[in-house]
Amino acid sequence: MRTFNFVGGPRPGQALEFFRRLERIVGSPAGWQIYHHVAGDDLALHVVAAESEQAIVDHLAHNADIYEYTAIIEVRPARA
């Protein structure tokens with residue numbers, strides 16, 4: 001597995017619909033850690049363990065009409 005991160009969230013006015021859809025598919029996939037912004041702006045930092053960036057894009061496509069996100073970046077732990 002590789003680790004990626006991005007910031008994303010529902011488009012303005014779409015939060016209720018987004019969370020309704022997310023509940024319907026039983027939440028976020030395994031391996032997704034989501035850190036919501038404390039500011040309450042409906043955005044969140046996503047740290048994702050996935051086989052590929054495409055696997056993330058495929059999941060996000062389910063809500064493409066109501067969800068926006070930044071570039072997906074592969075990350076690695078810093079070396080000591």
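For reference, positions follow the sequence shown, starting with 1.
- No more than 12 heavy atoms of other residues, nucleotides or ligands shown are found within 6.0 angstrom of CD on E23.
- For the pair H46 (side chain) and A44 (backbone), a donor-acceptor distance under 3.5 Å is present.
- Minimum interatomic distance between P10 and D42 (heavy atoms only, all atoms of both residues): CD-O, 3.3 Å.
- Through direct or indirect side-chain contacts shorter than 4.5 Å among Ile, Leu, Val, Met, Phe, Trp and Tyr, L60 is connected to F4, F6, F18, F19, L22, I25, W32, V48, I56, V57, I66, Y67, Y69, I72.
- Legend: residues meeting salt bridge (charged side-chain N to carboxylate O under 4.0 Å, His left out) with D65, ordered by chain and number and at least two apart, are R21.
- Here N5 pairs with nothing under the side-chain hydrogen bond (donor to acceptor under 3.5 Å, both in side chains) rule; sequence neighbours left out.
- In terms of the side-chain hydrogen bond (donor to acceptor under 3.5 Å, both in side chains) criterion, residue partners of R20 (sequence neighbours excluded) are, by chain and number, E17.
- A search for side-chain hydrogen bond (donor to acceptor under 3.5 Å, both in side chains) contacts involving E51 returns nothing, not counting sequence neighbours.
- For H37, the side-chain hydrogen bond (donor to acceptor under 3.5 Å, both in side chains) criterion is met by D41, not counting sequence neighbours.
- Here the closest non-hydrogen pair linking L43 and G9 is CD2-N, 3.8 Å.
- By the 4.5 Å heavy-atom criterion applied to side chains, M1 and T3 are not counted as neighbours.
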